[in-house]
Amino acid sequence: MQAVSPWATTAQTDIEINVPLLTKEISGYTFEVFNSGDSIWIVSKGPKNERFGFRVAFALNSFFEVEDIVDDENKITINLKSGHGKYEVYIDFPKTDIPPLLHYKTTFTANQALLIPYWPKDVIPLTDNGIIENTIGKIHVHQVGTRTGLIFASVQKPKKCTLFYFQNLSSMSEYCEATKTSLGETVGGTWPEIGFNLPKTMENPIPAGKKFVISDAYVLLGDELKEDPSKLCAEYLENLAQIYMVIPHPETEYHEWTDIVQKTSEHLYNNKGCWTQTKGFPYLNAYLTDYETPAESMVQLAVLIPLKEYEKWDGAQSPISRDLAGGISAFYDPKINCITRWHPALQDKLDQSEEQKKDTTMDSWYLHHPLINLTRLALDGNKEAKELVVNSIDFVIKAAHHFKYEWPVFYNVETFEVIKEETEPGKGGEKDVPGAYAHLMLLVYKLTKDKKFLNEAEKAAKQLTQCGFDIFYQANNTAFAANALLELYKITGEKIYLDTSYMCLAGVFKNVQVWDCQYGFGKNYANYFSVFPLNDAPYCAAYEEMEVYAALTEYMIQAKDVEILPALRVLIPEFVKYAVNRIPYYFPSLLPEDMLSEEVKTGEIQKDLWIPLEDLYTGWEQSGQVGQEVYGVGSAFAIVPRQYIKANDDFMIFIDYPVTNYTKRKDTVTIRIDGNENMNCDLKIIKRGTKKINAEVTQKRKAVSPFKKSADMHEYKISGQGTITVKF
């Protein structure tokens, strides 16, 4: 039997001794509203008699009086009062492809300033007979830090079913601003008491006379329990997409990324704090003015690859790419016959301050990442890069065979001795590295046409099939893994690879922030749909955000003719849209001075320099605590060629969704986007030359009119799915 609080032990009895205030029948489910005295409950009953109670209002050591109930069929409004103030509860059932969806939103207006030291969770399982303590359930996903406020859980007893609970934390920003509280770690719990805790107010009370939203929850109930990890992950994605389509979203703002590229390029090239000279070659520092840490292969290639993409788009070579490419071969270590992390000539400078800052210590993902980018460079025609890849790849395969495609966190790169086996006790090593390895093998397969690399990719991919939600170690590598698995599905036709790619994407989308923080420092920058780099990372990071953005864009391109999970045609394009809107705020010049940390772990912060911060925090914490991340500058170079199309010498087209294909013929540009037709995105025609903008925009053969026009830009709202034609 599980231990529970007094608020849970009596809940079922308190509900059952009362008569329901109203009853609704929706899609085979019954929903009843009860007043149990100190709580207002919605009780759901499914087709197998599975039951949940949702506490929509809590009276704070008082009792509720129901003033009135208005049921207009589309929405139920319940007006309440207690000894502490007035409550309004709004209940509705938005239409979705997976009915029924329950939505309840509660506001509270206090009679006097109140401190709230306790608030109970708002979801409990109920039984037909018996006690709540004897129910058995498992929480698969819950909020960590300031990630999305959701729970995905399954029930084994008394009835097998699933629960997807989403708290729209955006609605509580005003409450947190007034009480100086945080919405981090507010959605979760221990079975059977789960759901949302309104943040406790211990010092700053809720002010009297002001209405605050104190809950805004969406609930999807399922009457089947899926045991297969990939099916469970797919259900998670489908549920998240269904709710995403009905919740409100913040407006986006346009950033002129072509200007950001120019500023970034100039500052990167000219600021001495970005560079270190070694044996006649310049190398990027990982962090601004960090001259003590040796040059890293990943840092150079993380900037060089998106810069090469931008050069192809721009049609001109940058001196930065020449400098970066010139020094890459120095990272080849003849002791292991492979590209390695630290510049071999500088390894004696490693200060041993961290586990990985030792010349023989390899972080498992780190062996693969530089080689992934090096192979991309080779595929682009760089002969030196191809030679380095060919000379290094045998060592990488040797390591994979030694670890049997299950990599630890750290190991000795010369002996393969394991230094740190698991991320946490019982959690295993870096579980997404087999996917990064498979991605590398597929790139080398393209480069060499040797099928042994395809075979290696398949062997590694099979290690991922049972990982479930634990697959995620680092966001960018998990996204790379999703692409590799999709590609393997397209090559082999084996559906297990497609299903496992969904597992990877579920890992990514459980580490995002699908809410808009508008309290504390969060008011100063766009943070909606941010992605966190690690499972337990307290901040979002520029470099990982950029690489996840690029990888998910590539996933949509690869999937343009594949029947993928419909949820992904909602979630991926929307992630891309908000990434393009959000990523500029890593540049400190766009942030207020008081938001930046005075203490910096590595290097220093130069506010006016167009080099991104590594770390952005949600809410009350200052950002830039880690440092100014030089290797994060690739974001601008990556975004321009993916979101901007040069129509001709006079005009550019910007679109904030993934473009899966486009063609140009004379005066016409045809663009394909493969999102969801019920979502929308922005298309902008931007003036480059002297000609006046004069264009016809159509989508699915219907004319689209601009919603905003100026001499330099015409702006359009278009559907998230369907071919667009722009004729000049």
Side-chain angles (χ1 to χ4, degrees), residues 141-152 164-177 181-188 196-197 199 216-218 236-237 239-241 243-245 247-253 469 472 474-476 478-479 505-549 552 570-586 591 595 612-623 635:
V141 180
H142 62 86
Q143 184 190 25
V144 174
T146 56
R147 290 159 182 76
T148 309
L150 63 78
I151 292 172
F152 182 43
F164 192 94
Y165 171 96
F166 181 101
Q167 185 66 237
N168 181 21
L169 298 178
S170 305
S171 299
M172 271 71 77
S173 282
E174 198 170 3
Y175 171 91
C176 290
E177 182 72 13
T181 52
S182 168
L183 289 165
E185 302 286 346
T186 54
V187 180
F196 174 62
N197 277 121
D216 189 6
Y218 296 77
Y236 170 83
L237 291 167
N239 287 342
L240 179 59
I243 290 175
Y244 184 90
M245 291 177 73
I247 62 174
H249 311 294
E251 291 294 318
T252 58
E253 59 180 314
F469 291 106
F472 181 103
Q474 185 165 299
N476 50 342
T478 310
L505 293 170
V508 172
F509 283 110
K510 81 177 178 71
N511 277 282
V512 296
Q513 178 187 309
V514 184
W515 63 280
D516 185 22
C517 177
Q518 288 298 305
Y519 63 83
F521 295 120
K523 299 190 302 291
N524 300 316
Y525 71 100
N527 51 71
Y528 190 73
F529 226 142
S530 304
V531 63
F532 291 78
L534 300 169
N535 276 306
D536 57 353
Y539 60 79
C540 298
Y543 157 68
E544 283 86 356
E545 285 246 44
M546 180 272 287
E547 290 214 329
V548 172
Y549 151 81
L552 293 188
V570 175
L571 297 173
I572 294 178
E574 287 290 298
F575 174 85
V576 168
K577 176 167 75 176
Y578 282 101
V580 174
N581 170 68
R582 182 183 67 252
I583 290 175
Y585 289 98
Y586 281 99
L591 302 174
M595 184 175 164
L613 304 176
E614 165 157 332
D615 49 317
L616 283 177
Y617 291 83
T618 300
W620 300 102
E621 277 199 78
Q622 290 178 311
S623 295
S635 59

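Quick caveat, the model's predicted, so the values are computed rather than measured.
Heavy atoms of other residues, nucleotides or ligands lying less than 6.0 angstrom from CD of Glu251 number 12 at most.
Listed by chain and residue number, nothing satisfies the salt bridge (charged side-chain N to carboxylate O under 4.0 Å, His left out) test with Glu547 (two or more places apart in sequence, or in another chain). With sequence neighbours excluded, no residue satisfies salt bridge (charged side-chain N to carboxylate O under 4.0 Å, His left out) with Glu614. Contacts of Arg147 classified as salt bridge (charged side-chain N to carboxylate O under 4.0 Å, His left out), with partners at least two apart in sequence or in another chain: none. Every residue two or more places apart in sequence or in another chain that forms a salt bridge (charged side-chain N to carboxylate O under 4.0 Å, His left out) with Glu174 is listed here: Lys210. Contacts of Tyr244 classified as ring-ring contact (aromatic ring centres under 6.0 Å, His included), with partners at least two apart in sequence or in another chain: His249, Phe529.
A distance of 9.0 Å separates CD in Glu545 from CZ in Phe532, rounded to the nearest 0.5 Å. Atoms OH and OG1, from Tyr519 and Thr181 in turn, are 7.0 Å apart once rounded to the nearest 0.5 Å. To the nearest 0.5 Å, the span separating OG1 on Thr478 from CD on Glu544 amounts to 10.5 Å. Atom CD1 in Ile247 sits 8.0 Å away from atom CG in Leu240 (nearest 0.5 Å). Remark: Leu150 CG to Asn239 CG distance equals 10.0 Å, nearest 0.5 Å.
Under a 3.5 Å cut-off, the side chain of Gln143 and the backbone N or O of Leu183 do form a donor-acceptor pair. Ser173 contributes no side-chain N or O that, together with a main-chain N or O of Cys517, makes up a donor-acceptor pair within less than 3.5 Å. Without hydrogens or angle criteria, Tyr578 side chain to Ser530 main chain gives no donor-acceptor distance under 3.5 Å. Remark: the backbone N or O of Val187 is not paired with any side-chain donor or acceptor of Tyr165 at under 3.5 angstrom. Although no hydrogens or angles enter the test, the distance criterion places a donor-acceptor pair under 3.5 Å between the side chain of Asn581 and the main chain of Glu253.
Using a 4.5 Å heavy-atom threshold, the side chains of Leu571 and Glu574 count as separate. Ile572 has its side chain within reach of Leu505: a pair of non-hydrogen atoms, C-beta onward, lies under 4.5 Å apart. Within the 4.5 Å cutoff, no side-chain heavy atoms of Met546 are placed close to those of Asn476. Using a 4.5 Å heavy-atom cutoff, the side chains of Ser635 and Tyr549 are not in contact.
A donor-acceptor pair shorter than 3.5 Å cannot be found between the side chains of Tyr539 and Glu621. For Gln167 and Thr186, the side-chain atoms include no donor-acceptor pair closer than 3.5 Å. Side-chain atoms of Asp216 and Ser171 form a donor-acceptor pair, as typed in the model, at a separation below 3.5 Å.
Under the 30°/60° scheme for interplanar angles, the aromatic rings of Tyr525 and Tyr585 are found to be tilted. Aromatic ring orientation, Phe469 versus Tyr236: perpendicular (interplanar angle above 60°, classes split at 30° and 60°). Under the 30°/60° scheme for interplanar angles, the aromatic rings of Phe152 and Phe164 are found to be tilted.
Across all their heavy atoms, Val570 and Ala241 have their closest contact at CB-CB, 4.2 Å. Residues Gln513 and Thr146 come closest through the heavy atom pair CG-O, 3.4 Å.
For residues 522-540, every residue pair satisfying the salt bridge (Lys or Arg N to Asp or Glu O under 4.0 Å) rule, not counting sequence neighbours, is listed here: Glu177-Lys523.
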